[in-house]
Number of protein chains: 2
Amino acid sequence: MPSETSLSIGDLARATDTKVETSRWYERVGVLAAPARTSGNYRAYGSEHLERLSFVRRARDLGFSLDQVRDLLQLADDRNQSCDAVDRVAREHLEQVERKIADLKALRHELRDLIGQCCHGTVAECRIVRALAPDRGAA
Amino acid sequence: MPSETSLSIGDLARATDTKVETSRWYERVGVLAAPARTSGNYRAYGSEHLERLSFVRRARDLGFSLDQVRDLLQLADDRNQSCDAVDRVAREHLEQVERKIADLKALRHELRDLIGQCCHGTVAECRIVRALAPDRGAA
DNA sequence: ATGGACCCTATGGCCGCTACAGGGTCAAGA
DNA sequence: TCTTGACCCTGTAGCGGCCATAGGGTCCAT
């Protein structure tokens, strides 16, 4: 009984805070199913698309890659299986995030060192410039 | 008096731990000057290129964008000017890094919450999946 | 009938490379 | 001298994840 809401791509965009082009892109790369078309060839989305796109956006906001999102969607569709696989994807992503944080902290440390050495003279004697050119390096 | 070392692009690559294609790319986008050519049209780099490329690589390792690297190079070349401008570029970058760290920490927090809720049942009742689909949301 | 808001497809751009394909060059060994 | 193989050249396409055009078509209100 399709008393379904029919949403244009613009409606969908507003409802999910997504650009119109992004929905089309998601359709192309297979994270959002191609919807029915109107007689004028407009995309006509139903509530299932709205849910789907919201899911995708939320996952993207959480930093999951589109590949991971595809995995999560597939997993989420198989309602009877154990959610351990979902948990695994999330944990894997958490690990990536943690690695990135660690990397950035190391970076921050180096940058702070660098900046701390700047004595505000001329470039010729600038420690930052020297530190970047490794032969006249840290010596 | 050019008793200069003449390096092939491969030599340069080995010396700076850079891919051959990357040097060519840097030349295209103007962070590495086009070197002289041999009779066989091979690139012949001098020590100035080696220094330059090392600088670029080090700056990139520190997460500076190519635009920022271009700025730094230009600043580093004008040896008489105050190095405040260099300092500014570095500080700006440090701020970007700090913002990114903060964002990733917030993300980590959300992910940890999410994962903590997984009760290892079936997908149908998986909290992670529910949290991602915002209508049946956190309620 | 007309205007303007919307929609369509196709294509190119962003960043910072990387990886081909399809050639040319060069030095060492047989 | 010829051949092999390592190197080099240019040009183009691809990655992820979209965003922004160009050049059209559609729909609805006036």
Side-chain angles (χ1 to χ4, degrees), chain A residues 6-32 34-46 49 52-73 92-93 96-97 100 103 107, chain B residues 6-32 34-46 49 52-73 92-93 96-97 100 103 107:
Chain A
S6 182
L7 302 166
S8 74
I9 198 170
D11 295 337
L12 194 71
R14 273 178 295 276
T16 59
D17 198 27
T18 306
K19 305 248 169 192
V20 165
E21 291 87 354
T22 304
S23 296
R24 286 198 281 245
W25 168 253
Y26 285 164
E27 184 180 324
R28 274 179 66 82
V29 299
V31 287
L32 188 61
R37 297 290 180 120
T38 67
S39 55
N41 200 31
Y42 283 20
R43 285 173 180 80
Y45 294 99
H49 293 99
R52 204 70 157 173
L53 182 52
S54 303
F55 187 107
V56 173
R57 293 265 75 192
R58 175 105 181 95
R60 293 286 302 131
D61 284 348
L62 286 170
F64 288 95
S65 71
L66 276 187
D67 269 356
Q68 288 174 318
V69 171
R70 250 184 298 259
D71 288 351
L72 286 173
L73 283 170
E92 181 201 320
H93 178 45
Q96 287 169 14
V97 169
K100 215 163 209 168
D103 287 352
L107 202 57
Chain B
S6 181
L7 302 165
S8 75
I9 197 169
D11 295 337
L12 193 71
R14 274 179 294 276
T16 59
D17 199 26
T18 306
K19 305 245 170 193
V20 164
E21 292 88 352
T22 304
S23 297
R24 286 198 281 245
W25 168 253
Y26 285 163
E27 185 181 323
R28 274 179 67 81
V29 301
V31 288
L32 188 60
R37 297 292 181 120
T38 67
S39 56
N41 199 32
Y42 283 22
R43 287 172 179 81
Y45 294 97
H49 293 98
R52 203 71 158 172
L53 182 52
S54 302
F55 187 107
V56 173
R57 293 265 76 191
R58 175 105 182 96
R60 293 285 303 131
D61 283 349
L62 286 169
F64 289 94
S65 72
L66 275 188
D67 270 354
Q68 289 174 317
V69 171
R70 251 184 297 260
D71 288 351
L72 286 173
L73 283 171
E92 182 201 320
H93 178 44
Q96 287 169 14
V97 169
K100 214 162 208 169
D103 287 353
L107 200 58

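Throughout, protein chains are lettered first and strands after them, A, B, ... in sequence-line order, and every chain is numbered starting at 1. Keep in mind the model is a prediction, meaning the values are calculated, not measured.
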Chemist: Between B/R70 and B/S39, which has a closest nucleotide on DNA chain C that is more 5'?
Modeler: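 Here B/R70 is the residue nearer the 5' end.
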Chemist: Between A/F64 and B/R37, name the one whose nearest nucleotide on DNA chain D is closer to the 5' end.
Modeler: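 Whichever sits nearer the 5' end wins; that is B/R37.
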Chemist: Taking CZ from A/R43 and C1' from D/dC27, how many angstroms apart are they, rounded to a whole number?
Modeler: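 Spelled out: CZ on A/R43 to C1' on D/dC27 is 17 Å.
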Chemist: Taking atom C1' of D/dC28 as reference, at what distance in whole Å does atom CG of A/D11 sit?
Modeler: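 Those two atoms, CG and C1', are 15 Å apart.
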Chemist: Heavy atoms only, 4.0 Å cut-off, all strands: where does B/R14 land among base, sugar-phosphate and nothing?
Modeler: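 Contact class for B/R14: none.
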Chemist: From the options D/dA20, D/dG17, C/dG16, select the nucleotide whose nearest atom is closest to the side chain of A/W25.
Modeler: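 Output: D/dG17.
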Chemist: Separation of B/R60 atom CZ from C/dC15 atom P, in whole Å?
Modeler: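 Checked: the CZ to P distance equals 11 Å.
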Chemist: On DNA chain D, compare the nucleotides closest to A/E21 and A/T38; which residue's is nearer the 5' end?
Modeler: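 With A/E21 and A/T38 compared, the 5'-side residue is A/E21.
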Chemist: Could you tell me whether a side-chain N or O of B/H93 sits under 3.5 Å from a main-chain N or O of B/Q68, the two making a donor and an acceptor?
Modeler: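 No, the answer is negative, given that no donor and acceptor are paired below the 3.5 Å cut-off.
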Chemist: Does a side-chain N-to-carboxylate-O contact under 4.0 Å join B/K100 and B/D103?
Modeler: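 Salt bridge flag = no for B/D103 with B/K100.
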Chemist: Measure CG/B/D67 against P/C/dG16 and give the value in whole Å, please.
Modeler: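 About 7 Å, once rounded to whole Å.
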Chemist: Please give, in whole Å, the distance from C/dG24 C1' to B/I9 CD1?
Modeler: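 Rounded to whole Å, this separation is 15 Å.
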Chemist: Roughly how many Å is it from CZ in B/R28 to P in C/dC15, rounded to a whole number?
Modeler: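 To the nearest whole Å, that distance equals 14 Å.
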Chemist: Expressed as a whole number of angstroms, how long is the span from B/E27:CD to C/dT18:P?
Modeler: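 Going from B/E27 (CD) to C/dT18 (P), I get 17 Å.
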Chemist: Are side-chain N/O atoms of B/Y45 and B/R52 paired as donor and acceptor at under 3.5 Å?
Modeler: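 Per modelled atom types, B/Y45 and B/R52 side chains form no pair under 3.5 Å.
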Chemist: Can you say whether a donor on the side chain of A/Y42 sits under 3.5 Å from an acceptor on the base of D/dG25, or the other way round?
Modeler: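 Answer is yes: a donor-acceptor pair is held.
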Chemist: For the OG atom of B/S65 and the CG atom of B/D71, what is their distance to the nearest 0.5 Å?
Modeler: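 The OG atom of B/S65 sits 7.5 Å away from the CG atom of B/D71.
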Chemist: Does A/D61 pair with A/R58 as a salt bridge, N-O distance under 4.0 Å?
Modeler: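 Looking at A/R58 together with A/D61, the answer is no, because their closest N to O distance does not fall below 4.0 Å.
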Chemist: Expressed in angstrom and rounded to an integer, what is the separation of B/N41 atom CG from D/dC9 atom P?
Modeler: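 The answer, rounded to whole Å, is 7 Å.
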Chemist: May I ask you to evaluate whether A/K19 reaches the phosphate of D/dA20, defined as a side-chain N or O under 4.0 Å from OP1 or OP2?
Modeler: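 Affirmative; the distance criterion is met.
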Chemist: Under 4.0 Å between a side-chain N/O of A/R24 and OP1 or OP2 of C/dC8, yes or no?
Modeler: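 For A/R24, the contact criterion (side-chain N or O under 4.0 Å from OP1 or OP2 of C/dC8) is met.
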Chemist: Identify which nucleotide among D/dC18, C/dC17, C/dC7 has an atom closest to any side-chain atom of A/T22, counting heavy atoms from C-beta outward.
Modeler: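 Of the options given, the side chain of A/T22 lies nearest D/dC18.
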Chemist: So, is B/R57 close to the C/dC17 phosphate, meaning a side-chain N or O under 4.0 Å from OP1 or OP2?
Modeler: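 Yes, because at least one side-chain N or O of B/R57 sits under 4.0 Å from OP1 or OP2 of C/dC17.
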Chemist: Using only side-chain N and O atoms of A/S8, determine if any of them is under 4.0 Å from OP1 or OP2 of C/dC7.
Modeler: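 Answer yes for this pair, as a side-chain N or O of A/S8 is under 4.0 Å from OP1 or OP2.
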